[in-house]
Amino acid sequence: MPQTLKLASRASLLTRGFPEIWAELGCKAPARVIKTHKTLEDMPGPNALAFFTDLFCKRGLARLHELQIEGKARYGPVWKASFGPILTVHVAEPSLIEQVLRQEGKHPIRSDLSSWKDYRVCRGHAYGLLTAEGEEWQKIRSILGKHMLKPKEVESYTGTLNGVVSDLIRRLQHQRRQHRGWGWTDLPETPHSTPNTPPPQGLMCLTLSGFISLGISSVLFDSRIGCLEPEMPKETETFIRSINRMFVMTLLTMAMPKFLHHIFPKPWKIFCESWDYMFAFGERHIDKRISEVAEKVSRGETVEGKYLTYYLAQEKLSMKSIYGNVTELLLAGVDTISSTLSWSLYELSRHPRVQAAVHEEITGVMKGSAIPSAADVAQMPLLKAVMKESLRLYPVIPGNARVISDRDIQVGEYLIPRKTLITLCHYATSRDARFFPEPDSFRPERWLQKDASHHPYASIPFGVGKRSCIGRRIAELEVHLALARILMQFEVKPEPEGCRVRPMTRTLLVPEKDINLQFMSR
Ligand code: HEM
């Protein structure tokens with residue numbers, strides 16, 4: 001037997017039941033079969049009613065990240081629960097998460113039951129990288145990977161991103177001079193945006209999605225969507241609000257069995273309307289950019305592009321696919337970065353000694369220069385550790401997922417049937433005291449201690465492997481550049497008598513309420 005065949009049949013022996021194997025060998029199965037692995041039936045977990053009550057009556061949807069920790073304490077590292085109509089196996093141990101991801105196959109699937117896919121099918125939109133599967137996903141991934149994963153390519157966005165950070169600093173300085181209310185908020189519905197009482201000096205309400213959408217739109221279109229103007233353009237405001245609503249409705253629509261969509265149509269309706277707006281927004285900006293380029297060509301001018309829409313167009317992707325991808329990239333690049341930057345500044349404001357050490361590191365590297373480059377931030381290990389530690393405490397995606405569709409897989413002592421939705425509990429592992437002593441404390445220096453090792457899968461905020469975050473390098477560069485510049489200009493302090501802000505799950509992990517900070521000029 002050739003070697004490969006031998007290995008394959010050994011693997012299949014592992015994943016099949018003994019009666020099956022006995023039958024194949026032409027033998028009668030022994031009366032009592034000794035089980036080598038446990039099955040879903042043996043797996044602990046809350047009954048459907050208890051979980052449903054937790055989710056809908058005890059604010060469980062917003063507390064899904066906490067339910068991971070509670071679930072692990074109650075049932076151990078692997079348990080099952082029914083999320084509405086979907087049975088999902090939770091895995092909350094780094095070594096077991098590693099085991100799942102190592103078996104994810106050639107074209108990993110995040111979740112095949114996503115309401116995001118249902119929406120695209122319903123409206124006839126193309127899938128983007130977030131939602132595509134199989135060969136289609138592979139094709140888009142390799143096109144985008146060329147421009148988003150290679151360090152040199154990503155470094156070339158430094159100038160663009162620094163331009164956006166300069167706008168942000170100007171805006172902060174302007175607001176400090178103006179003493180205009182609570183300073184900077186994005187959305188009119190934020191309670192502090194029309195205050196009656198003057199705020200303490202330099203107090204800003206830190207809702208950063210406006211700034212961040214500038215960053216991602218620069219990378220995508222080489223143009224800004226204007227969020228740092230005194231008045232945010234209506235369409236940008238609605239776009240950001242649509243992202244928020246869509247995320248809120250994602251969990252709800254997934255947890256509701258489909259027949260309930262007819263009885264309670266509102267969540268699905270809001271979900272679809274939000275996506276409709278986001279797609280229309282993406283399309284408008286792409287069309288605008290394309291017609292600008294066409295005009296230049298007609299005037300005989302040379303057109304050079306350093307933005308992703310241009311690269312996608314060069315690859316001769318269909319317009320439908322460009323719309324789908326750009327919309328998904330816009331979406332993926334807004335709340336993720338703004339939440340990470342907000343938490344980083346929030347924790348630094350509460351840890352003045354860490355902030356002073358980071359400031360010292362920055363000024364040491366910058367030696368009087370005003371604007372950091374990618375090479376400068378590469379020499380700032382503590383600054384980078386601040387981002388890592390913030391993502392450990394507040395992983396933007398608190399629970400990721402995988403579906404292994406073509407075979408059953410072994411996870412710990414269990415055999416998980418193919419097509420089962422497996423939830424990877426990153427929030428629980430990254431707050432586990434066995435891997436991170438004092439797990440709820442903000443201690444960026446832990447990432448600099450060479451002897452302190454933790455399991456490599458204990459904190460993986462960008463995921464690992466073929467389907468990991470494609471925007472990771474851009475996100476890291478943008479957060480590092482923004483943090484460095486903000487700390488060079490300002491000392492960041494907490495709101496006087498400000499209380500603790502907790503995270504909540506809204507598909508993504510976000511601050512439960514506004515983060516208010518004081519920016520004192522240095
Ligand atoms: C701090 C910021 C960010 C965090 C923590 C983050 C985290 C993640 C995670 C956990 C995943 C899933 C990985 C997996 O399933 O293994 C993901 C996927 C993805 N992210 Fe990010 N992300 C961030 C920023 C961005 C940005 C800025 C962009 C776009 C410019 C982006 C685009 C994407 C896309 C397109 C995918 C899907 C990749 C695929 O399916 O092949 N992300 N991200």
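All heavy atoms count here, side chains included; hydrogens, waters and symmetry mates do not. Because the structure is a prediction, the values reported are computed rather than measured. For ligands, and for the atoms within them, numbers begin at 1 and follow the listed sequence.
For atom 30 (C) of ligand 1, the closest non-hydrogen atom of the protein is Ile216 CD1, 3.3 Å. Regarding atom 28 (C) of ligand 1, its nearest protein heavy-atom neighbour is Gly471 CA, 3.6 Å. The closest protein non-hydrogen atom to atom 33 (C) of ligand 1 is Ala332 CB, 3.8 Å. Protein heavy atom nearest atom 24 (C) of ligand 1, with residue, atom name and distance: Thr336 OG1, 3.4 Å. What sits closest to atom 7 (C) of ligand 1 on the protein, heavy atoms only, is Pro461 O, 3.4 Å.
Look at Glu328 and you'll find every heavy atom at least 4.0 Å from all atoms of ligand 1. The shortest separation from a heavy atom of Arg402 to ligand 1 is under 4.0 Å, placing the residue in contact. In this structure, Ile474 has no heavy atom closer than 4.0 Å to ligand 1. Assignment of Arg472 to the shell around ligand 1 is not supported, since no heavy atom sits closer than 4.0 Å.
Proximity of the aromatic rings of His65 and Tyr427 is defined here by a centroid distance below 6.0 angstrom, and this criterion is met. Between Trp343 and Tyr346, the gap from one ring centroid to the other is short of 6.0 Å. The aromatic ring centroids of Tyr119 and His125 lie less than 6.0 Å from each other.
Counting atoms of ligand 1 from 1 in the listed order, those under 4.0 Å from a heavy atom of Gly333 are 26 (C), 27 (C). The distance from ligand 1 to the heavy atoms of Trp137 drops below 4.0 Å at these ligand atoms: 39 (C), 40 (O), 41 (O). Of all atoms in ligand 1, numbered sequentially from 1 with element shown, those under 4.0 Å from a heavy atom of Ala475 are 2 (C), 24 (C). Ligand-side atoms of ligand 1 in range of Asn400: 12 (C), 13 (C), 14 (C), 15 (O), 16 (O), range being under 4.0 angstrom from any heavy atom. Close approach to Ile470 involves these atoms of ligand 1, each under 4.0 Å from a residue heavy atom: 34 (C), 35 (C). Proximity to Ile337 (heavy-atom distance under 4.0 Å) selects the following atoms of ligand 1: 27 (C). Close approach of ligand 1 to Arg141 is summarised as follows: ligand atoms under 4.0 Å from at least one heavy atom of the residue are 38 (C), 39 (C), 41 (O). Listed by number with element, the atoms of ligand 1 under 4.0 Å from a non-hydrogen atom of Thr340 are 1 (C).
A donor-acceptor pair is defined here as one N or O able to donate and one able to accept, closer than 3.5 Å; such a pair exists between the side chain of Arg431 and the backbone of Leu393. In this structure, Gln68 contributes its side chain and Ala428 its backbone to a donor-acceptor pair below 3.5 Å. Of the possible polar contacts, none joining the His359 side chain to the Gln355 backbone as a donor-acceptor pair under 3.5 Å is found.
For the pair Arg110 and Trp116, the cation-pi criterion (under 6.0 Å, within 45° of the ring axis) is not fulfilled. For the pair Arg446 and Phe436, the cation-pi test (distance below 6.0 Å, angle within 45°) is failed.
For Cys469, heavy-atom contacts with ligand 1 shorter than 4.0 Å involve the backbone as well as the side chain. Only the side chain of Ile397 comes within 4.0 Å of ligand 1, counting heavy atoms alone; its backbone N, CA, C and O stay farther away. Heavy atoms of Lys466 found under 4.0 angstrom from ligand 1: none, in either backbone or side chain.
Annotation for Arg284: atom CZ counts as buried by contact number, over 12 foreign heavy atoms lying within 6.0 Å.
Ring geometry for Phe281 against His285 counts as tilted: the plane angle lies between 30° and 60°, on a 0 to 90° scale.
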